[in-house]
Student: 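Have a look at this one before I ask anything.
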Amino acid sequence: MELDQIPHASVALIVGVTGMAGLSLAEALKKPSASGGPWKVYGAARRPQPTWFPISIVDHYITFDAVCSDDTRAKLSPISNEVTHVFWVAIQVRETEELNITVNAAMLSNVLDVFKSAPSSRLQHVTLQTGTKHYMGPIFDPEKSKQLTAPETPFREDFPRLPFPNFYYALEDLLASYTPSFTYSVHRSSIIIGASSRSTYNALLTLAVYAAICKHEGLPFRYPGNRYTWDHFCDMSDARVLAEQQIWAAVSEKAKNQAFNCVNGDIFTWKSMWKVVCEVFEVEFVEFDESQEFDFVGMMSEKGKVWESIVIKHGLYESKLEEITCFAALKAVLHFEFQHVCSMNKSRSFGWFGHVDTLQSIGIWVERLRVMNIIP
């Protein structure tokens, strides 16, 4: 029997493998020390693998559109009797939260239906990555965001759901509807820090592009937030920490059918973070001045050609400004009027203690983006 035909005890399908969380998941699963391993890893994404993607971290790369049930079935049926664990780190963003619910629930349902209809399905567990929008509500919905009030913090997993549509709720309910045929775990991240050019909300890459444009044009690297976030606490989720927690939950009996916050375990002010990113990006630190008007989103919306020239000048991975940045979303987060912090007490009580120094991790991930040739 050929080596590739020998059944693996643990076979993972990572849906969204080219995003920040997906990339770190694949790398973590392929480590010899990975819990539940050795793992065979299928990586899946909507588009072909980018040149910066280290193909050695997956055994097979699959391209399919999860929105299309026919394409999903055609591409996943050949492995439907093999996969034991699905890691769901995919997302599509639409104009309203109702549309977010429709498209994301359809994607997850299409994938799960392939495995549950397989004659000899081995599917045991599904991990679902969501985020703190679970506690804040539809903050990016153009109308419903106006109805939201400042949430109670720190965020705890047992907080009641808000009376607003939320595609995170829909995905959790969808998973729960499949039990007990398989177990699941939910992982609620904060602002994710990692390396990719294909994540919808990539705060670090957005800041890196903003800094590169400021350097290129000789502009001040101004803080695009408010006084509150400058002075108050926030947290983040390193993609490596997310991966560790998801793998732990996937193979830990006591973590079954549970939801967990997943953040780095420390907090920071954006004033302290701004000093770090200025040093890493090699731009001058500018003290926050709320008396000056700053149309961050408007200014950056006009910089597409500037980024294009930076890409050409430095021979970077070809990318379009609007496809790799999230200026409006970052502005919204930096204008919160509450401390964006999560409690990690539940994870610790269940036996998971992963942590990362957030400020130190920034330089690590920026260097990774540079090695991947995504930023100068």
Side-chain angles (χ1 to χ4, degrees), residues 20-21 24-25 28 33-36 85 87-89 125-137 139 148-164 166-169 171-173 175-176 179 183-194 201 203 228-229 231-270 272-273 333 336-362:
M20 291 182 288
S24 287
L25 254 173
S33 60
S35 299
H85 295 74
F87 293 86
W88 188 267
V89 289
H125 187 86
V126 178
T127 70
L128 170 66
Q129 181 177 294
T130 63
T132 52
K133 195 160 68 81
H134 182 98
Y135 308 111
M136 298 183 292
I139 58 174
L148 302 175
T149 56
E152 180 183 347
T153 59
F155 301 131
R156 294 199 319 269
E157 293 89 342
D158 60 357
F159 279 7
R161 290 182 174 183
L162 300 177
F164 295 95
N166 193 319
F167 83 88
Y168 290 161
Y169 301 167
L171 296 187
E172 286 193 20
D173 292 344
L175 282 185
T179 57
T183 59
Y184 67 91
S185 55
V186 180
H187 306 267
R188 299 172 185 161
S189 70
S190 179
I191 303 164
I192 300 176
I193 298 299
Y201 298 121
Y228 189 93
T229 55
D231 290 332
H232 289 82
F233 291 125
C234 186
D235 58 17
M236 286 182 170
S237 302
D238 189 295
R240 297 167 298 179
V241 172
L242 270 172
E244 291 171 9
Q245 191 196 62
Q246 291 186 26
I247 297 169
W248 163 78
V251 300
S252 172
E253 277 302 317
K254 56 187 167 184
K256 306 303 185 191
N257 304 332
Q258 296 289 332
F260 299 97
N261 291 336
C262 188
V263 294
N264 292 346
D266 61 2
I267 53 179
F268 61 90
T269 65
W270 274 99
S272 62
M273 175 63 74
V333 169
F336 285 160
E337 293 288 347
F338 57 90
Q339 300 192 99
H340 186 281
V341 292
C342 298
S343 168
M344 287 298 291
N345 287 341
K346 181 177 179 179
S347 285
R348 291 166 183 153
S349 69
F350 274 68
W352 188 79
F353 300 95
H355 63 90
V356 160
D357 184 313
T358 299
L359 296 182
Q360 286 186 3
S361 73
I362 297 300

Student: Check whether any side-chain heavy atom of Q246 sits under 4.5 Å from a side-chain heavy atom of V89, and report yes or no.
Tutor: yes

Student: Got M236 and V356 here, is their nearest side-chain heavy-atom distance under 4.5 Å?
Tutor: no

Student: Filter on salt bridge (Lys or Arg N to Asp or Glu O under 4.0 Å), then keep only pairs touching residues 238-252, sequence neighbours left out; what's left?
Tutor: D238-R240

Student: Does any part of the side chain of F350, heavy atoms only, come nearer than 4.5 Å to the side chain of F260, both counted from C-beta?
Tutor: yes

Student: Determine whether a donor-acceptor pair (N or O, by modelled atom type, separation under 3.5 Å) exists between the side chain of K254 and the backbone of A249.
Tutor: no

Student: Kindly indicate, with the supporting measurements, whether the criterion side chain to side chain contact (heavy atoms under 4.5 Å, CB included) is fulfilled by T229 and C234.
Tutor: CA-CA 8 Å; T229 55; C234 186; over 6 Å; no

Student: Could you tell me whether the side chain of V186 reaches within less than 4.5 Å of the side chain of E157, counting heavy atoms only?
Tutor: no

Student: If you measure from CG on N264 to CG on D235, what distance do you get to the nearest 0.5 Å?
Tutor: 8.0 Å

Student: Compare every heavy atom of P151 with every heavy atom of M136, then report the nearest pair and how far apart it is.
Tutor: CG-CG, 4.1 Å

Student: Kindly compute the distance separating CZ (F233) from OG1 (T153), expressed to the nearest 0.5 Å.
Tutor: 11.5 Å

Student: Within the structure provided, determine whether V333 and Y201 are in side-chain contact (heavy-atom separation under 4.5 Å).
Tutor: no

Student: Are any non-hydrogen side-chain atoms of H134 and F155 less than 4.5 angstrom apart?
Tutor: no

Student: If you round to the nearest 0.5 Å, how far is CH2 of W88 from OG of S185?
Tutor: 14.5 Å

Student: Quick check against the 3.5 Å criterion: does S237 have a side-chain atom that pairs as donor or acceptor with the backbone of S190?
Tutor: yes

Student: Any chance you could measure R348, atom CZ, to F353, atom CZ, to the nearest 0.5 Å?
Tutor: 8.5 Å

Student: With sequence neighbours left out, write down each residue that passes side-chain contact (heavy atoms from CB on, under 4.5 Å) with Y228, or none if nothing qualifies.
Tutor: N226, H232, E337, Q339

Student: Determine whether N257 and Y184 make a side-chain contact, defined as any pair of heavy atoms from C-beta on separated by less than 4.5 Å.
Tutor: yes

Student: Do side-chain atoms of S35 reach the backbone of I247 as a donor and acceptor pair under 3.5 angstrom?
Tutor: no

Student: Looking at every non-hydrogen atom in both residues, tell me the closest pair between C342 and P154 and how far apart they are.
Tutor: C-CB, 4.0 Å

Student: According to ring pair (Phe, Tyr, Trp, His ring centres under 6.0 Å), who are the partners of F268, at least two apart in sequence or on a separate chain?
Tutor: W270

Student: Indicate yes or no: at least one non-hydrogen side-chain atom of S347 is less than 4.5 angstrom from one of N261.
Tutor: no

Student: Using the side-chain hydrogen bond (donor to acceptor under 3.5 Å, both in side chains) definition, which of the options R188, H340, E152, R156 pairs with Y135?
Tutor: R188

Student: What's the separation between atom CD in Q129 and atom CG in L171, rounded to the nearest 0.5 Å?
Tutor: 11.5 Å

Student: According to side-chain contact (heavy atoms from CB on, under 4.5 Å), who are the partners of D357, at least two apart in sequence or on a separate chain?
Tutor: D266, L359, Q360

Student: Mind checking the NZ-CG spacing from K133 to N166? Nearest 0.5 Å is all I need.
Tutor: 4.5 Å

Student: Does K346 use its side chain to pair, donor to acceptor, with the backbone of D158 at less than 3.5 Å?
Tutor: no

Student: Could you walk me through whether T127 and W248 pass the side chain to side chain contact (heavy atoms under 4.5 Å, CB included) test, one step at a time?
Tutor: CA-CA 10 Å; T127 70; W248 163 78; over 6 Å; no

Student: With sequence neighbours left out, what residues match A203 under side-chain contact (heavy atoms from CB on, under 4.5 Å)?
Tutor: I191, L330

Student: Any chance you could lay out the side chain to side chain contact (heavy atoms under 4.5 Å, CB included) test for L128 and E172, step after step, and finish with the verdict?
Tutor: CA-CA 8 Å; L128 170 66; E172 286 193 20; 4.1 Å; yes

Student: Walk me through whether H355 and M344 qualify under side chain to side chain contact (heavy atoms under 4.5 Å, CB included).
Tutor: CA-CA 10 Å; H355 63 90; M344 287 298 291; over 6 Å; no

Student: Suppose we screen for side-chain contact (heavy atoms from CB on, under 4.5 Å). Which residues come up paired with L162, at least two apart in sequence or across chains?
Tutor: F164, Y169

